[in-house]
There are 2 protein chains.
Amino acid sequence: MAGKRLEKMEENRAKLIAAARKAFAEKGFANASMDELTADAGLTRGALYHNFGDKRGLLAAVVDQLDGEMAARAREIGAKSAGHGEGDSWQALLAEGAAYIEMALDPEIQRIVLLDGPAVLGDPSQWPSQNSCLAETRKGVRAMVESGVMKPVDIEAASRLLNGAALNAALWVAASDKPAEVLPKAVEAFSLMADGFRAKS
Amino acid sequence: MAGKRLEKMEENRAKLIAAARKAFAEKGFANASMDELTADAGLTRGALYHNFGDKRGLLAAVVDQLDGEMAARAREIGAKSAGHGEGDSWQALLAEGAAYIEMALDPEIQRIVLLDGPAVLGDPSQWPSQNSCLAETRKGVRAMVESGVMKPVDIEAASRLLNGAALNAALWVAASDKPAEVLPKAVEAFSLMADGFRAKS
DNA sequence: GAACTTGACATACGAGACGTATGCGACCAC
DNA sequence: GTGGTCGCATACGTCTCGTATGTCAAGTTC
């Protein structure tokens with residue numbers, strides 16, 4: 001019966017992160033009170049500072065979780081899209097891009113990952129979690145550059161621009177009056193723009 | 001001798017905005033103290049709240065000023081690039097994009113317009129100043145779509161994606177270890193990606 | 001198995017920072 | 001010249017974060 005201590009600790013960490021996700025998404029990082037947040041989780045600020053160091057640490061943990069979930073979903077969609085074709089990795093990239101745009105319509109992801117995240121933690125490329133989403137895109141881009149599907153562009157630059165464009169498009173869609181009407185336009189424009197990276201057939 | 005009152009008021013507004021630009025750029029919006037900031041301008045918080053309503057209002061005014069400066073510079077560069085050619089508006093668009101990327105290397109613009117701005121004021125498309133930069137890009141895109149230089153893509157979507165990609169690229173360049181080496185890669189990748197919007201020759 | 005030690009978490013405290021309500025004094029009108 | 005208006009300063013209350021200290025259960029050692 002060893003590890004009852006760590007078990008409880010992980011449980012509390014999870015509860016705090018869950019409460020933080022809700023509070024940050026609803027009120028924004030700056031306006032979220034740590035007292036309320038921890039009370040919702042049935043704890044106090046003591047637990048928070050012990051586990052995450054400070055408020056930024058908590059945000060980093062939340063962003064890490066969300067980022068991981070996004071990357072997992074993108075991978076899943078990418079795999080599905082590339083699977084039933086005969087290795088059309090280009091379709092997979094477009095599908096991933098569209099998936100990012102759609103995922104970012106979730107207020108939780110918008111507010112926390114796209115708005116507060118960069119402002120508080122700095123540019124995504126230097127996040128502690130190292131940005132799983134970007135890594136996912138980079139993997140795809142690298143494979144396509146090496147296989148000649150994409151032009152011989154700088155892998156890091158292309159990944160960054162594709163990801164940035166997708167997430168930025170999502171922000172625009174979400175802020176628009178009628179997201180349902182605007183989304184397809186954003187996806188289409190993204191596909192066109194990404195096509196600039198494609199090797200001439 | 002009329003308007004000595006308004007004159008002084010505008011002068012103070014300008015001093016506050018200038019002090020805010022410096023404070024926000026150096027410490028970030030959240031960590032900038034309004035007491036220090038106003039003291040630097042030789043005033044107190046009373047003037048600030050009277051002129052801008054609250055801290056967000058001040059940020060909005062600062063962002064508006066920076067955005068205007070950026071748009072003016074982009075217009076200038078775009079005009080120069082299109083001028084000596086025979087109406088090659090495409091080159092002008094690329095030049096504008098590159099200009100945005102370079103401008104965003106300025107810490108003031110990065111921190112205030114790209115990071116804190118969206119987080120505090122929300123998505124740029126719904127800023128009070130209505131985002132001059134975006135308007136500038138939109139103008140160019142619309143002209144090119146109508147003249148057939150660009151594919152018949154949704155103007156709003158294309159403008160948003162181009163702008164977002166450029167600014168995002170700038171964030172990446174600035175966060176990298178050696179900006180001087182990375183910048184050309186970002187500009188090249190941007191040009192390639194934008195080329196996806198270009199009508200097939 | 002009992003005393004000791006560790007460490008996760010709670011509580012208490014201090015230091016700002018924001019926003020508002022109130023007061024003052026200079027400009028403008030008549 | 002007098003009254004009013006308005007821009008700005010001052011004073012206050014409230015909230016929040018971060019740290020320092022206390023406490024009690026879980027793990028450890030003999």
Side-chain angles (χ1 to χ4, degrees), chain A residues 1-63 111-112 116-117 119-121, chain B residues 1-63 111-112 116-117 119-121:
Chain A
M1 196 49 163
K4 186 158 173 59
R5 201 96 187 132
L6 289 177
E7 181 186 343
K8 200 80 175 173
M9 191 174 173
E10 277 304 318
E11 190 180 323
N12 283 344
R13 277 180 60 97
K15 279 200 284 190
L16 286 173
I17 291 180
R21 268 177 77 149
K22 216 171 63 174
F24 290 165
E26 289 174 358
K27 306 183 170 188
F29 176 76
N31 295 336
S33 165
M34 305 185 67
D35 279 314
E36 291 183 11
L37 188 153
T38 49
D40 271 358
L43 298 168
T44 69
R45 282 206 332 257
L48 209 163
Y49 280 94
H50 195 77
N51 279 302
F52 301 99
D54 60 351
K55 204 180 180 183
R56 285 184 53 183
L58 179 60
L59 178 63
V62 171
V63 165
R111 180 84 232 182
I112 301 176
D116 287 331
V120 177
L121 304 175
Chain B
M1 195 51 161
K4 187 157 171 59
R5 202 94 186 129
L6 288 176
E7 182 186 343
K8 200 80 176 172
M9 191 177 174
E10 276 305 316
E11 189 180 322
N12 283 342
R13 276 181 60 98
K15 279 199 286 189
L16 286 173
I17 291 180
R21 268 176 78 147
K22 214 170 66 174
F24 290 164
E26 288 174 357
K27 305 183 168 188
F29 176 76
N31 294 337
S33 165
M34 305 185 65
D35 280 313
E36 291 182 10
L37 189 150
T38 50
D40 271 358
L43 298 167
T44 69
R45 282 208 330 262
L48 209 162
Y49 279 94
H50 196 78
N51 280 301
F52 301 99
D54 61 351
K55 203 180 180 183
R56 285 184 53 184
L58 179 60
L59 178 63
V62 172
V63 164
R111 181 82 232 180
I112 300 177
D116 286 332
V120 177
L121 304 176

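Within every chain, numbering begins at 1; the chains are lettered A, B, ... in the order of the sequence lines, protein sequences first and strands thereafter. Bear in mind that the values here come from a model prediction, so they are computed numbers and not experimental data.
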When rounded to the nearest 0.5 Å, the distance separating CG of Leu16(B) from CD of Glu11(B) is 11.0 Å
Using a heavy-atom distance cut-off of less than 4.0 Å, which residues of residues 15-48 of chain B contact DNA chain C?
-> Ala32(B), Ser33(B), Met34(B), Arg45(B)
Donor-acceptor contact present, side-chain Arg111(A) to main-chain Ala119(B), <3.5 Å | yes
Extract from the structure each pairing of a protein N or O with an N or O of nucleotides 4-8 of chain C at less than 3.5 Å, listing the distance.
from: dA8(C); atom 1: OP2; to: His50(A); atom 2: NE2; distance (Å): 2.8

[Y] side chain reached by [X] side chain, heavy atoms, under 4.5 Å:
X	Y	result
Met9(A)	Asn12(A)	no
Leu58(A)	Asn51(A)	no
Leu43(B)	Leu48(B)	no

To 10°, what angle do the rotation axes through the five end pairs on each side of the helix from dG1(C)-dC30(D) to dC30(C)-dG1(D) form?
->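 Rounded to the nearest 10 degrees, the bend comes out at 10°.
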Exactly one of Val63(B), Asp116(B), Asn31(B), Leu59(B) clears side-chain contact (heavy atoms from CB on, under 4.5 Å) with Phe24(B), and that residue is Leu59(B)
Could you tell me which non-hydrogen atom of [X] sits nearest to which non-hydrogen atom of [Y], and how far apart they are?
X	Y	answer
Phe29(A)	Arg56(A)	CZ-N, 4.3 Å
Ala25(B)	Ile112(B)	N-CD1, 3.9 Å
Leu37(B)	Ala20(B)	CD1-CA, 3.8 Å

Please state how far atom [atom1] in [X] lies from atom [atom2] in [N], giving the value in whole angstrom units.
X	N	atom1	atom2	result
Tyr49(A)	dT19(D)	OH	P	7 Å
Leu58(B)	dC18(C)	CG	P	11 Å
Leu59(B)	dG19(C)	CG	P	12 Å

Please check if atom NZ in Lys22(B) has more than 12 non-hydrogen atoms from other residues, nucleotides or ligands closer than 6.0 Å.
-> no
